[in-house]
2 protein chains.
Amino acid sequence: MIGERRKFNRLGEDGRRAALIAAAIALISEGGPATATVRAIAERAGVTPGLIRHYFTTKEALMRAAYAQVMDAMTQASVDVLASTPNRPQARLAVFVAASLRPPVVDSRAMGLWAGFLHQMREDSEMRAVHEASYLHYRDLLQGLIAALPRVADAGQLRADAIACNAVIDGLWLEGSALPDAFRPGELVRIGLRSVSAILGLDLMAEMPERGI
Amino acid sequence: MIGERRKFNRLGEDGRRAALIAAAIALISEGGPATATVRAIAERAGVTPGLIRHYFTTKEALMRAAYAQVMDAMTQASVDVLASTPNRPQARLAVFVAASLRPPVVDSRAMGLWAGFLHQMREDSEMRAVHEASYLHYRDLLQGLIAALPRVADAGQLRADAIACNAVIDGLWLEGSALPDAFRPGELVRIGLRSVSAILGLDLMAEMPERGI
DNA sequence: AAATTAATTATACGCTTGCATAATTACGCG
DNA sequence: CGCGTAATTATGCAAGCGTATAATTAATTT
């Protein structure tokens with residue numbers, strides 16, 4: 001009676017796929033991409049390694065799914081704050097920018113996760129497509145907020161403004177996540193709002209809620 | 001006489017270390033970090049694998065050295081253009097920004113290299129120190145160029161301006177390298193100059209050489 | 001209650017990895 | 001010219017990797 005076969009219960013397509021993706025994200029987030037092996041992911045998900053290949057044709061496919069989910073979650077965190085914001089265009093833009101520049105969006109683990117995926121992009125064209133989609137998704141959201149502002153700007157100007165604002169947010173997010181101790185509390189949000197204001201020619205600081213930062 | 005031992009010549013500390021670092025960079029640049037194995041690096045350098053451990057205590061130490069060299073080279077490419085630039089502060093800043101936003105600084109291989117290293121930062125504190133040093137080095141150069149501008153700004157303002165300009169350059173560099181086809185030729189440079197101009201309250205476009213972009 | 005099917009486990013293979021150790025060889029110095 | 005030493009090669013190992021395939025089991029259907 002030494003060879004007892006392991007008990008298990010079935011989750012079915014949706015549940016199991018989600019569990020495997022969650023396990024992969026957790027591992028990459030904790031120990032980097034190198035630690036997210038097929039075996040480790042399976043163990044974290046309470047499953048045997050072979051099962052991964054039953055849901056994903058290859059490990060890279062699982063990685064792509066995980067990356068898409070991470071990026072969606074970050075964007076969503078910035079979108080969520082819009083729900084409880086008054087309908088003034090400047091206020092909405094200001095809150096959106098600010099939310100992108102503080103936790104949980106700014107986070108060293110999220111950045112490590114992001115970087116871990118990023119380096120796969122050069123070899124894996126499907127991964128590049130996932131990246132492009134999530135980048136454009138965020139930028140389009142930003143562009144929509146900018147377009148709602150009361151000002152005159154043609155389509156080309158709008159596109160350039162969205163690219164510029166997206167870049168400054170990306171850059172601040174990146175360094176803030178990589179070097180948390182290099183910036184004072186609230187400094188990133190303040191600089192981000194000032195920069196976006198300067199690029200668009202308005203004053204977002206005036207629109208921020210009273211609690212400072 | 002089947003076992004002919006391989007001929008070799010000695011390079012000594014300096015030359016061999018440099019050759020190994022160059023080989024590592026070339027490999028990561030071509031095929032991503034995963035392809036830069038100890039064996040592949042040795043082969044590229046025309047050497048047997050064991051030798052790597054003679055010059056670097058561990059593979060990670062070699063990776064750190066390679067990262068430092070890559071970042072230095074990128075910064076240096078932006079600095080070099082300053083040599084042949086007239087001494088007007090605005091012109092110097094404009095050329096520096098523009099150089100950071102086009103090849104060879106903007107380059108998908110360089111970005112892949114950078115991302116490949118970045119994900120090591122979270123676990124490897126020595127790698128984080130290398131990153132911080134090179135980030136601050138670039139930002140200090142930028143801050144020096146900004147400080148030379150004819151305008152009034154206190155120390156805090158100068159620091160915030162340098163962080164903001166650095167962020168927008170970083171963001172544009174990143175997306176331009178990751179998604180080369182998402183931007184028109186010269187678009188990144190144009191947007192970068194406009195953004196830095198807006199943040200600092202001046203007009204760098206007027207300072208650029210005649211050949212457009 | 002038996003049969004069917006899809007989900008899951010089990011096992012194993014071939015390959016690659018980083019690293020250690022011992023044998024060799026080129027080169028500088030006396 | 002011979003000797004010593006440091007640079008370099010050669011060999012091998014233990015571990016981990018992704019993947020393939022076949023056996024088993026839980027749930028669903030009949």
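Lettering follows sequence order; numbering is per chain, from 1.
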**Asked** Can you tell which of C:dA10, C:dG18, D:dG18 lies closest to the side chain of A:R6?
**Response** C:dA10

**Message:** Among C:dT8, D:dT19, C:dA26, which nucleotide has an atom closest to any side-chain atom of A:Y55?
**Reply:** C:dT8

Output the rounded distance in Å from [atom1] ([X]) to [atom2] ([N]).
X	N	atom1	atom2	answer
B:L51	C:dT25	CG	P	16 Å
A:K7	D:dT25	NZ	C1'	9 Å
B:R16	C:dC27	CZ	P	11 Å
A:M63	D:dT19	CE	C1'	15 Å
A:R17	C:dT8	CZ	P	13 Å
B:R5	C:dA23	CZ	P	11 Å
B:D14	D:dA7	CG	P	11 Å
A:N9	D:dT28	CG	P	12 Å

**Asked** Are B:S100 and B:S78 close enough that a side-chain donor and a side-chain acceptor fall under 3.5 Å?
**Response** yes

**Asked** Quick check: are there more than 12 heavy atoms from other residues, nucleotides or ligands sitting under 6.0 Å from CD of B:Q157?
**Response** yes

**Request:** Would you mind checking if B:R159 and B:D140 are paired as a salt bridge, meaning a charged N to carboxylate O distance below 4.0 Å?
**Result:** no

**Asked** Do NZ/NE/NH1/NH2 and the carboxylate oxygens of A:R44 and A:E30 come within less than 4.0 Å?
**Response** yes

**Prompt:** Under the ring pair (Phe, Tyr, Trp, His ring centres under 6.0 Å) test, which residues partner B:F96, sequence neighbours left out?
**Reply:** B:Y138

**Asked** In residues 37-50 of chain B, what residues come within less than 4.0 Å of DNA chain C, judged by heavy atoms?
**Response** B:T37, B:V38, B:R39

**Item:** Side-chain N,O (B:H54) to OP1/OP2 (D:dA7) below 4.0 Å
**Value:** yes

**Asked** Is A:T58 near enough to D:dT19 that one of its side-chain N or O atoms lies under 4.0 angstrom from OP1 or OP2?
**Response** yes

**Prompt:** Taking for each residue the nucleotide of DNA chain C bearing the nearest heavy atom, is the 5' side occupied by B:R10 or by B:K59?
**Reply:** B:K59

**Prompt:** Between the side chain of B:T58 and the main-chain N/O of B:A61, is any donor-acceptor distance below 3.5 Å?
**Reply:** no

**Message:** Keeping B:R17 on the side-chain end and B:Y55 on the backbone end, is there a donor-acceptor pair under 3.5 Å?
**Reply:** yes

**Request:** May I ask you to say what B:I52 touches in the nucleic acid, namely base, sugar-phosphate or nothing, with a heavy-atom cut-off under 4.0 Å?
**Result:** nothing

